[in-house]
Amino acid sequence: MSWLLATFNVQESRTAEFEGIMRDLITQVRANEPGTLTYTLVKSKKEPNTYIMIENYASREARDLHGNTDYFKAAV
């Protein structure tokens, strides 16, 4: 099992765009990656332009697969 926390500090003027991109990415991950056990975006209550992606993978291979998908590369 492999966990990852990714923190994003987003410009205030781009938060809606960021959230849309992440919503689409989350949908793709949940539909196509059975080895991704958790893929959740949370928004900080204290810092409104800060987001944290919580990721949990069944294996290192599942994590590597995620990083190599076309939809992940497009989102990044």
Side-chain angles (χ1 to χ4, degrees):
M1 191 172 298
S2 176
W3 286 90
L4 177 70
L5 298 175
T7 302
F8 301 93
N9 295 307
V10 181
Q11 292 177 357
E12 186 175 343
S13 63
R14 301 193 72 186
T15 57
E17 177 186 7
F18 175 79
E19 289 176 9
I21 290 168
M22 296 309 286
R23 260 192 309 278
D24 292 344
L25 178 58
I26 290 166
T27 299
Q28 289 288 336
V29 169
R30 291 181 178 167
N32 297 300
E33 298 180 33
T36 301
L37 307 176
T38 304
Y39 202 75
T40 303
L41 183 68
V42 295
K43 184 175 184 176
S44 173
K45 290 182 180 178
K46 293 182 180 179
E47 298 175 32
N49 298 338
T50 299
Y51 298 80
I52 300 170
M53 178 61 77
I54 303 167
E55 305 174 33
N56 181 20
Y57 301 93
S59 65
R60 178 65 183 187
E61 292 78 18
R63 183 175 168 179
D64 291 344
L65 172 73
H66 168 71
N68 288 312
T69 61
D70 289 338
Y71 48 85
F72 175 78
K73 291 176 183 177
V76 173

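In this chain, residues are counted from 1 in sequence order.
- Inspection of the Y57 and E33 side chains reveals no N or O donor paired with an N or O acceptor under 3.5 Å.
- Between Y71 and D24 there is no side-chain heavy-atom pair separated by less than 4.5 Å.
- I52 is not listed as a side-chain neighbour of L41, based on a closest heavy-atom distance of 4.5 Å or more.
- Within a 6.0 Å sphere centred on CZ of R30, other residues, nucleotides and ligands contribute more than 12 heavy atoms.
- Taking CG of L4 as the reference point, atom OG1 of T38 lies at 12.0 Å (rounded to 0.5 Å).
- The CZ atom of F18 lies 10.5 Å from the NZ atom of K43; values are rounded to the nearest 0.5 Å.
- A 6.0 Å sphere centred on CG of D70 holds no more than 12 heavy atoms belonging to other residues, nucleotides or ligands.
- Connection of M22 to I54 is not established within any shared hydrophobic cluster, with ILVMFWY side chains joined at heavy-atom distances below 4.5 Å, either directly or through further cluster members.
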*Between N56 and T36, does a side-chain contact (heavy atoms from CB on, under 4.5 Å) hold up when you go through it step by step?*
CA-CA 6 Å; N56 181 20; T36 301; over 6 Å; no
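- When all heavy atoms of A62 and G35 are compared, the closest pair comes out as CB-O, 3.5 Å.
- Note on F72 and F8: same hydrophobic cluster, where clusters join Ile, Leu, Val, Met, Phe, Trp and Tyr whose side-chain heavy atoms are under 4.5 Å apart, directly or indirectly.
- Side chains of M1 and L37 form a contact here, defined as non-hydrogen atoms less than 4.5 Å apart.
- With a 4.5 Å cut-off on side-chain heavy atoms, M53 and I26 count as touching.
- Minimum heavy-atom separation, R63 to S2: NH1-OG, 3.1 Å.
- Using a 4.5 Å heavy-atom cutoff, the side chains of T69 and Q28 are not in contact.
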